[in-house]
Amino acid sequence: GDGPKTVRVSGTLTLQGKPLVGANVYFSSEKFSSYGRTNAEGHYELVQGAVPGNNKVYISKLELPEGLNTDAESGLDLAQFQAAAAGNENDPNGKKKASLTDLVPEEFSDPQKSKLTFPVPPEGTTSADFRL
């Protein structure tokens, strides 16, 4: 097919020793990026795998403002949140505007600042584990 050859990558995330649940894990190389989402045990598998070689990794877990429900399966629709957040800024009742809080420190969650990398082996791996 088109695009680079990818291999399966899975692993487990922990934050301060506890499984990181419902976080998005992004692997990106120059040619390709992919993501997975952690389950109740903090385990994830990249949906489309990753390209062998060094990948930059960042991990994001957004805590939703109250009142915004998301379907866990479909993940986060950022545009909807941004619209919701923008709509609340001028709330005459002075309610706190909706904001997205990233529960993962920015040194891991910010694509520009993340120091995390992972060398994906040519055969793939089931132990791409990160302890944050």
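Because the structure is predicted, anything quoted here is derived from the model rather than measured.
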Exercise for review: Give a yes or no on whether the backbone of Lys56 and the side-chain of Thr117 come within a donor-acceptor separation of less than 3.5 Å.
Suggested key: no
Check your understanding: About how many Å separate NZ of Lys115 and CD of Glu107, when rounded to the nearest 0.5 Å?
Key -> 7.0 Å
Review point. Under 4.5 Å between side-chain heavy atoms, hopping through other hydrophobics if needed: is there a path connecting Tyr44 to Phe32?
Key: no
Check your understanding: So, for Ser34 and Val47, which heavy atoms are closest and what is the spacing to 0.1 Å?
Key -> OG-N, 4.0 Å
Practice item. Looking only at non-hydrogen atoms, find the nearest pair between Ala23 and Leu13 and report the distance. Key: CB-CD1, 4.5 Å
Study note, to complete from the structure: In terms of heavy-atom contacts, Ala40 and Val21 come closest through O-CG2, 3.4 Å
Study note, to complete from the structure: Between Pro105 and Leu15 the two heavy atoms that sit nearest each other are CD-CD1, 4.3 Å
Practice item. Could you walk me through whether Val120 and Val51 pass the side-chain contact (heavy atoms from CB on, under 4.5 Å) test, one step at a time? Key: CA-CA 7 Å; Val120 174; Val51 178; over 6 Å; no
Check your understanding: Should we count CD of Gln16 as having more than 12 external heavy atoms under 6.0 Å?
Key -> no
**Study point:** Partner of Leu20 by side chain to side chain contact (heavy atoms under 4.5 Å, CB included), out of Glu41, His43, Lys61
**Key:** Lys61
Point to revise | Where Pro121 and Pro52 come nearest, the two heavy atoms and their spacing | key: O-CB, 4.1 Å
Point to revise | Worked check of side-chain contact (heavy atoms from CB on, under 4.5 Å) between Phe108 and Val57 | key: CA-CA 8 Å; Phe108 307 123; Val57 178; over 6 Å; no
Point to revise | Nearest-0.5 Å distance, OH of residue Tyr26 to CD1 of residue Ile59 | key: 11.0 Å
Practice item. State whether the side chain of Asp129 and the backbone N or O of Thr12 hold a donor-acceptor pair below 3.5 Å, judged by distance alone. Key: yes
Check your understanding: What orientation do Phe27 and Phe118 show, parallel under 30°, tilted 30 to 60°, or perpendicular over 60°?
Key -> perpendicular
**Study point:** same_hphob_cluster(Val104, Leu116) at 4.5 Å side-chain heavy-atom cutoff
**Key:** yes
Check your understanding: Taking atom OH of Tyr58 and atom CG of Asp110, what is their separation to the nearest 0.5 Å?
Key -> 9.5 Å
**Study point:** Trace of the side-chain contact (heavy atoms from CB on, under 4.5 Å) decision for Asn55 with Ser29
**Key:** CA-CA 5 Å; Asn55 278 251; Ser29 66; 3.8 Å; yes
Check your understanding: Nearest heavy-atom pair of Pro4 and Lys31: which atoms, and what distance?
Key -> CG-CB, 4.2 Å
